[in-house]
Amino acid sequence: KFSPIFPFYCLSYNQTISLLVLSKKNNSLSLFFFFVKMPEPVPNFSNSVKLKYVKLGYQYLVNNFLTFLIVPIIAALIIQVLKLGPEEILSIWNSLHFDLLQILCSSFLTIFIATVYFMSKPRSIYLVDYSCYKAPVTCRVPFSTFMEHSRLILKDNPKSVEFQMRILERSGLGEETCLPPAIHYIPPTPTMETARNEAEVVIFSAIDDLMQKTGLKPKDIDILIVNCSLFSPTPSLSAMVVNKYKLRSNIKSYNLSGMGCSAGLISIDLARDLLQVVPNSCALVVSTEIITPNYYQGSERAMLLPNCLFRMGGAAILLSNKRKDSRRAKYRLMHVVRTHKGADDKAFKCVFQQEDPQGKVGINLSKDLMVIAGEALKSNITTIGPLVLPASEQLLFLFTLIGRKIFNPKWKAYIPDFKQAFEHFCIHAGGRAVIDELQKNLQLSAEHVEASRMTLHKFGNTSSSSLWYEMSYIEAKGRMKKGDRIWQIAFGSGFKCNSAVWKCNRTIKTPTDGPWDDCIDRYPVFIPEIVKL
């Protein structure tokens with residue numbers, strides 16, 4: 001009877017719609033007020049059921065499938081045995097006929113199988129303790145100091161200075177990173193003597209601290225491995241350590257060079273292999289990078305990038321296969337997985353030491369670095385996944401792979417949830433882009449990459465030793481509990497992606513010393529996308 005109605009005001013409360021409308025009839029306006037009771041809505045299943053609990057139930061069911069299968073069978077057998085009377089049990093026992101020869105053969109076979117099993121079983125490798133070098137405050141390089149030196153050194157090339165400033169603004173580094181004394185001079189004085197001085201200070205300080213922590217004596221060291229990628233003097237750095245601490249003449253010493261930022265885990269892998277064949281032994285691993293002789297003083301942008309990121313640092317790690325060390329050790333080594341992409345020319349040259357047109361030596365970082373790192377990581381994950389992922393994640397990955405191959409290639413690839421396999425992640429602090437990319441690809445939370453970001457902020461890229469600064473950060477925060485699993489991921493020239501998996505052997509008390517002892521209370525800190533200089 002009315003002309004079209006125009007809503008004027010609407011209010012909804014407790015499933016009741018209160019509607020105030022305005023209508024027009026015969027050129028007159030009328031105001032109406034309606035109460036409309038709405039029907040009860042049908043509950044939305046996706047909102048009413050928390051899907052994360054469904055996923056947790058699936059994971060629990062699949063990961064404990066054998067338990068759920070075996071326990072009922074054992075329970076049924078026990079019930080059946082309990083139903084039998086004493087006479088029935090005795091008659092069954094008497095019906096069994098044992099022959100002496102059969103008993104002897106069975107016993108011999110059992111002992112033989114047990115002996116072969118324990119003889120072929122790999123020895124457990126324990127990480128007793130480790131120590132990280134902490135540079136003095138006199139070596140600190142605030143942004144203002146770094147940029148002032150760059151302007152003075154590159155006064156004829158203002159574009160290179162501006163490029164370094166832009167890199168530094170977005171690097172994720174803080175104001176407390178350190179460079180060796182020789183780099184503080186204007187111009188820098190990268191001589192062989194100053195490089196050796198840096199190596200002695202960093203390496204000896206880390207080893208001294210480790211010996212004080214563990215009570216290690218020089219005569220107790222059976223294996224020595226030192227890795228430093230870009231500084232390889234003669235005699236070697238490992239010989240320098242032997243000379244300083246007067247190590248035994250029959251020590252097995254190794255010096256690894258040219259293997260990039262992932263050389264620390266390569267050293268761990270080498271130590272593991274040696275400890276498998278040398279019983280009742282200790283291995284000392286030293287990981288560092290000497291900055292002094294490798295500070296680029298040219299103007300090529302691709303070669304200036306390492307100047308903005310790399311800082312001084314080092315770590316000493318004590319590994320053992322002795323049973324008596326199993327109680328005091330912090331961690332047990334579970335897996336080491338190494339991936340090498342050197343067969344590909346682009347991967348081989350993406351981190352390349354070379355001379356610029358002026359004849360100045362530096363490290364050239366390719367623009368394809370992140371793409372190549374992603375491919376290396378993918379290969380590494382493919383290998384390490386079956387070793388560490390629970391059955392629930394492996395099944396989901398397998399079903400998705402089969403679905404993409406058979407039904408629809410456009411199906412989104414399933415990325416395994418590595419948070420089900422690890423409690424802590426130590427991603428090589430090579431730069432902000434590296435951490436961002438791994439956090440995105442592995443679907444990690446901000447807390448999972450906190451140790452990597454804070455290490456980059458506090459110490460910069462310390463190359464192969466950065467993983468140990470990250471491990472120390474987690475311990476300093478009191479987060480390392482017994483049974484926790486740690487995944488260390490490192491990238492290096494060549495191109496390599498290496499992983500190590502550790503299991504915490506005991507709950508670790510918050511240390512009172514270490515590289516974070518005077519600053520852990522103010523971390524984590526907020527790191528802006530760009531720090532305006």
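Worth knowing before you read on, the calculation uses all heavy atoms, side chains too, and leaves out hydrogens, waters and symmetry mates.
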Pair Leu467-Leu265, side chain to side chain contact (heavy atoms under 4.5 Å, CB included): steps then yes or no: CA-CA 9 Å; Leu467 299 173; Leu265 296 185; 3.8 Å; yes
Do [X] and [Y] have side chains that get closer than 4.5 Å, going by heavy atoms?
| X | Y | answer |
| --- | --- | --- |
| Lys244 | Ile207 | no |
| Gln276 | Pro122 | yes |
| Thr462 | Glu289 | no |
| Tyr295 | Asn307 | yes |
| Cys139 | Pro180 | no |
| Val241 | Ile203 | yes |
| Ser171 | Cys308 | no |
| Ile221 | Cys282 | no |

Under 4.0 Å between a side-chain nitrogen and a carboxylate oxygen: does that hold for [X] and [Y]?
| X | Y | result |
| --- | --- | --- |
| Lys346 | Glu375 | no |
| Arg522 | Glu176 | yes |
| Arg196 | Glu200 | no |
| Lys252 | Asp222 | no |
| Glu169 | Arg166 | no |
| Lys134 | Asp209 | no |

| message | Before you tell me yes or no, could you show the steps for Asp484 and Lys503 under salt bridge (Lys or Arg N to Asp or Glu O under 4.0 Å), namely the whole-Å CA-CA distance, both residues' side-chain angles and the distance that decides it to 0.1 Å? | response | CA-CA 6 Å; Asp484 283 0; Lys503 188 172 184 178; over 6 Å; no
Do [X] and [Y] get their side chains close enough for a donor-acceptor pair, meaning under 3.5 Å?
| X | Y | result |
| --- | --- | --- |
| Asn380 | Ser499 | yes |
| Thr191 | Thr194 | yes |
| Arg453 | Gln439 | yes |
| Ser452 | Glu470 | yes |
| Thr177 | Lys458 | no |
| Tyr254 | Asn227 | no |

Across all chains, not counting sequence neighbours, the side-chain hydrogen bond (donor to acceptor under 3.5 Å, both in side chains) partners of Glu475 are Tyr130, Lys330, Tyr331
Please round to the nearest 0.5 Å and tell me the distance separating atom [atom1] of [X] and atom [atom2] of [Y].
| X | Y | atom1 | atom2 | result |
| --- | --- | --- | --- | --- |
| Phe418 | Ile381 | CZ | CD1 | 4.5 Å |
| Asn505 | Ser124 | CG | OG | 9.0 Å |
| Asp344 | Cys350 | CG | SG | 9.0 Å |
| Leu456 | Phe459 | CG | CZ | 11.5 Å |
| Leu304 | Gln297 | CG | CD | 11.0 Å |
| Ile268 | Gln488 | CD1 | CD | 7.5 Å |

Atom [atom1] of residue position [X] - does it have more than 12 heavy atoms of other residues, nucleotides or ligands inside 6.0 Å?
| X | atom1 | value |
| --- | --- | --- |
| Asp345 | CG | no |
| Gln358 | CD | yes |
| Lys213 | NZ | yes |
| Glu447 | CD | no |
| Lys219 | NZ | no |
| Lys349 | NZ | no |
| Gln354 | CD | yes |
| Arg323 | CZ | no |

Please find the pair of heavy atoms, one from [X] and one from [Y], that lie closest to each other, and give the distance.
| X | Y | answer |
| --- | --- | --- |
| Arg311 | Gly460 | CG-CA, 4.1 Å |
| Pro293 | Pro190 | CA-CB, 4.1 Å |
| Asn498 | Thr339 | OD1-N, 3.5 Å |
| Ser232 | Ser257 | OG-OG, 3.8 Å |
| Met370 | Val434 | CE-CA, 3.8 Å |

Strictly distance-based, threshold 3.5 Å: is any side-chain N or O of His149 a donor or acceptor partner for the main-chain N or O of Phe146?
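Between the backbone of Phe146 and the side chain of His149 there is no qualifying donor-acceptor contact (under 3.5 Å).
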*Given Arg327, Lys322, Arg328, the one that forms side chain to side chain donor-acceptor pair (under 3.5 Å) with Asp325*: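 Per the side chain to side chain donor-acceptor pair (under 3.5 Å) rule, the option paired with Asp325 is Arg328, out of Arg327, Lys322, Arg328.
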Flag the pair [X] / [Y] as yes when their ring centroid distance falls below 6.0 Å, and as no otherwise.
| X | Y | answer |
| --- | --- | --- |
| His428 | Phe491 | no |
| Phe495 | His340 | no |
| Trp468 | Tyr133 | no |

Taken in chain and number order and not counting sequence neighbours, the residues that satisfy ring-ring contact (aromatic ring centres under 6.0 Å, His included) with Phe204 are Tyr245
**Message:** I'd like to know whether Leu127 forms a side chain to side chain contact (heavy atoms under 4.5 Å, CB included) with Ile317, so could you lay out the CA-CA distance, the side-chain angles of the two residues, the decisive distance to 0.1 Å, and finally the verdict.
**Reply:** CA-CA 7 Å; Leu127 192 161; Ile317 305 100; 3.8 Å; yes
message: Run the ring pair (Phe, Tyr, Trp, His ring centres under 6.0 Å) test on Tyr523 and His457 for me, step by step, so that the C-alpha distance in whole Å, both residues' side-chain angles and the decisive distance to 0.1 Å come before the verdict.
response: CA-CA 10 Å; Tyr523 278 91; His457 180 270; 5.8 Å; yes
field: Arg338 vs Ile266, side chain to side chain contact (heavy atoms under 4.5 Å, CB included): CA-CA, chis, key distance, verdict
entry: CA-CA 8 Å; Arg338 294 167 55 181; Ile266 296 174; 3.8 Å; yes
- Task: Check step by step if side chain to side chain contact (heavy atoms under 4.5 Å, CB included) holds for Trp516 and Thr455.
- Result: CA-CA 10 Å; Trp516 300 92; Thr455 296; 3.6 Å; yes
Per side-chain contact (heavy atoms from CB on, under 4.5 Å), Met303 is matched among Asn364, Ile363, Leu365 by Asn364
Self-check item: Step-by-step salt bridge (Lys or Arg N to Asp or Glu O under 4.0 Å) determination, Arg272 to Asp269
Solution: CA-CA 5 Å; Arg272 180 192 64 169; Asp269 188 38; 2.7 Å; yes
